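Given the structure is predicted, the values throughout are model-derived calculations rather than measurements. As a basis for the values below, the full set of heavy atoms in this structure was taken, side chains included, without hydrogen atoms, waters or symmetry mates. Order of the sequence lines sets the chain letters (A, B, ...), proteins ahead of strands, with each chain counted from 1.
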Number of protein chains: 2
Amino acid sequence: MRILIVEDEPTLGPQLKATLESTGYAVDLATDGEDGHFLGSTENYDAAILDLGLPEIDGLTVLDRWRREKRNFPVLVLTARDSWSDKVAGLDAGADDYLAKPFQTEELIARLRALIRRAAGNASSELTAGQVRLDTRSGRVTLAGEAVKLTAQEYKLLSYLLHHKGKVVSRTELIEHIYDQDFDRDSNTIEVFVTRIRKKLGADIITTIRGLGYQLDDPQG
Amino acid sequence: MRILIVEDEPTLGPQLKATLESTGYAVDLATDGEDGHFLGSTENYDAAILDLGLPEIDGLTVLDRWRREKRNFPVLVLTARDSWSDKVAGLDAGADDYLAKPFQTEELIARLRALIRRAAGNASSELTAGQVRLDTRSGRVTLAGEAVKLTAQEYKLLSYLLHHKGKVVSRTELIEHIYDQDFDRDSNTIEVFVTRIRKKLGADIITTIRGLGYQLDDPQG
DNA sequence: GCGTCCGAATGCGGATCTTGATTGTCGAAG
DNA sequence: CTTCGACAATCAAGATCCGCATTCGGACGC
């Protein structure tokens with residue numbers, strides 16, 4: 001899952017980035033509205049964390065522009081201000097959630113999880129496909145009840161596929177959502193990880209749609 | 001838009017119902033967890049507002065049960081409690097948003113709007129013609145309910161025709177949209193793929209307009 | 001310093017695409 | 001109604017592309 005943080009505070013921004021990366025997200029950080037708007041317009045994120053108080057361009061403006069451009073990733077708005085009228089404005093501008101500073105990092109992560117989950121159309125924090133079960137909260141994966149040890153990348157890949165169960169996911173899409181900005185697109189990394197996941201979870205878990213991408217079968221599909 | 005409110009407080013519940021109804025929603029009100037869970041399981045709502053502190057069954061339990069039953073309408077959780085650990089629990093149980101009492105009605109409405117808007121974004125776009133159904137999100141094609149396996153090119157071609165249902169599409173147009181830039185115009189690839197699609201989906205699915213191109217019939221056209 | 005994990009390179013095998021020739025069909029004109 | 005020409009459909013085969021397995025060097029963490 002790839003996240004965009006738009007935050008100008010010199011300590012909070014990098015700190016958030018580090019925390020989220022250690023949680024398993026690919027994170028890009030923009031330190032002003034201009035940059036943030038550009039990244040959000042040109043790259044593909046699964047969610048964005050947007051500070052309202054920004055230099056150059058106001059956070060609300062950035063959000064509004066994204067929405068006009070039909071950029072529909074979920075946005076979690078951060079603000080120091082605490083009046084509910086600001087919240088209403090933010091929500092109406094297209095924010096999907098709202099968090100007042102100061103906040104607990106854990107709550108931020110929980111809300112982020114919820115946002116991504118909902119954006120993918122999943123309600124439960126447990127993602128399943130056939131015998132495979134993944135708990136987004138604990139990061140555990142089981143196959144028919146048995147715990148399976150996945151590496152970080154394997155987990156990211158599987159997680160993304162599970163979040164988009166039933167959908168055909170292209171290799172490009174996977175690369176864009178598992179890695180951040182700078183990554184060599186010309187490599188067969190995805191294939192390699194798909195192979196490794198298949199070795200651990202069974203070959204039938206991931207279906208190859210030749211020429212289009214990969215797909216996790218919906219049990220009742 | 002139809003909303004379910006699960007709220008036991010004798011004043012707040014009816015008051016919310018009245019407010020939302022005046023805003024244009026159809027509202028059902030349940031006053032305990034048992035009733036709330038039943039309504040949420042059997043009726044179709046666009047969103048639910050769920051109080052965590054409930055008699056009989058706890059709100060979190062109700063939410064958890066809905067999610068296990070694959071009831072995926074967005075849920076806005078209300079609570080008197082204010083600790084972030086409760087919020088985390090609620091979000092992980094499958095809540096989509098969270099509001100601490102007391103709250104401004106206006107903020108509640110704004111959040112509800114945001115929830116419904118987001119949920120609507122997940123609607124899968126399906127293209128159909130006769131017995132054929134193509135889901136652009138999952139990339140699946142079915143004929144009379146039966147899944148049909150199409151190759152990449154077949155899929156592209158069919159997809160383009162479905163997007164322009166009813167229109168006569170020339171061979172040139174198809175080539176231009178299925179292939180990138182330079183492609184040998186003097187070839188009968190299109191015919192070949194049309195043949196293959198017809199073999200898989202039935203000969204009547206694509207009509208040939210001699211000298212002009214191909215056409216997908218609109219069912220009611 | 002050792003083990004694990006990641007990502008790049010390679011070669012293979014098979015599915016898929018394209019081509020060109022052949023056969024089939026439509027429609028207009030005689 | 002028949003015939004003819006143009007266009008469309010079909011088929012088979014070679015070429016091509018794509019994905020898979022495997023290996024290996026290096027990075028990273030412990």
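Side-chain atoms of A/Asn188 stay outside donor-acceptor range of the base of D/dG19, with no qualifying N/O pair under 3.5 Å.
Rounded to an integer number of Å, the gap from B/Leu157 CG to C/dC17 P is 11 Å. Computed from coordinates, the A/Arg171 CZ to D/dC17 C1' distance equals 12 Å when rounded to whole Å. Rounded to whole Å, atom P of C/dT16 lies 14 Å from atom NZ of B/Lys156. Rounded to an integer number of Å, the gap from A/Lys149 NZ to C/dG3 P is 14 Å. Atom pair A/Glu191:CD and D/dT23:C1' shows a separation of 16 Å (rounding to whole Å applied). Between the CD atom of B/Gln153 and the P atom of C/dT19 there is a distance of 12 Å, rounded to whole Å. To the nearest angstrom, P of D/dC18 lies 16 Å from CD1 of A/Ile190. Remark: C1' of C/dA8 and CZ of A/Phe193 are 11 Å apart, rounded to the nearest angstrom.
Contacts of B/Val192 with the nucleic acid, taken as non-hydrogen atoms under 4.0 Å apart, include base atoms.
A donor-acceptor pair under 3.5 Å is absent between the side-chain atoms of A/Arg111 and the main chain of A/Leu99, judged by distance alone.
Sparse packing is recorded around CZ of B/Arg68, with 12 or fewer heavy atoms of other residues, nucleotides or ligands lying under 6.0 Å away. Counting non-hydrogen atoms of other residues, nucleotides and ligands closer than 6.0 Å to CZ of B/Arg133 gives a total of 12 or fewer. Around atom NZ of B/Lys167, more than 12 heavy atoms belonging to other residues, nucleotides or ligands sit under 6.0 Å away. In A/Phe38, the CZ atom is not crowded: 12 or fewer heavy atoms of neighbouring residues, nucleotides or ligands sit closer than 6.0 Å.
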Might you list the N or O atoms of the protein lying below 3.5 Å from N or O atoms in nucleotides 27-30 of chain D, with each pair's distance?
none

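Legend: residues meeting side-chain hydrogen bond (donor to acceptor under 3.5 Å, both in side chains) with A/Arg140, ordered by chain and number and at least two apart, are absent. With sequence neighbours left out, A/Thr61 forms a side-chain contact (heavy atoms from CB on, under 4.5 Å) with A/Ile57, A/Asp58, A/Arg65.
Two end axes, each from the C1' atoms of five base pairs, can be drawn for the helix from C/dG1-D/dC30 to C/dG30-D/dC1; they diverge by 40°, to 10 degrees.
Dashed line: the shortest gap from a side-chain N or O of B/Tyr179 to OP1 or OP2 of C/dT18 is under 4.0 Å. At C/dA8, one or more side-chain N or O atoms of A/Thr189 fall inside 4.0 Å of OP1 or OP2 (strictly under the cut-off). Remark: A/Ser187 is not in phosphate contact with C/dG7, judged by side-chain N or O atoms under 4.0 Å from OP1 or OP2. Regarding contacts with the backbone of D/dA9, a side-chain N or O of B/Tyr214 is found under 4.0 angstrom from either OP1 or OP2. Contact check, B/Thr151 against C/dC17: a side-chain N or O comes under 4.0 Å of OP1 or OP2.
For residues 196-210 of chain B, proximity to DNA chain C is found at B/Arg196, B/Arg210, defined as any non-hydrogen atom under 4.0 angstrom from a strand atom.
Using cut-offs of 30° and 60° for the angle between ring planes, the A/His37 and A/Trp66 rings count as parallel.
With 3.5 Å as the limit, one finds no donor-acceptor pair spanning the side chains of A/Arg113 and A/Thr23. With no hydrogens or angles considered, a side-chain donor-acceptor pair links A/Tyr45 and A/Asp28 at under 3.5 Å.
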Begin from the C-alpha positions of B/Arg67 and B/Asp96 and carry the test salt bridge (Lys or Arg N to Asp or Glu O under 4.0 Å) through to its verdict. CA-CA 12 Å; B/Arg67 294 322 190 197; B/Asp96 301 282; 3.0 Å; yes
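The list of ring-ring contact (aromatic ring centres under 6.0 Å, His included) pairs with a residue in residues 143-162 of chain B, not counting sequence neighbours, reads B/Tyr160-B/His164, B/Tyr160-B/His177.
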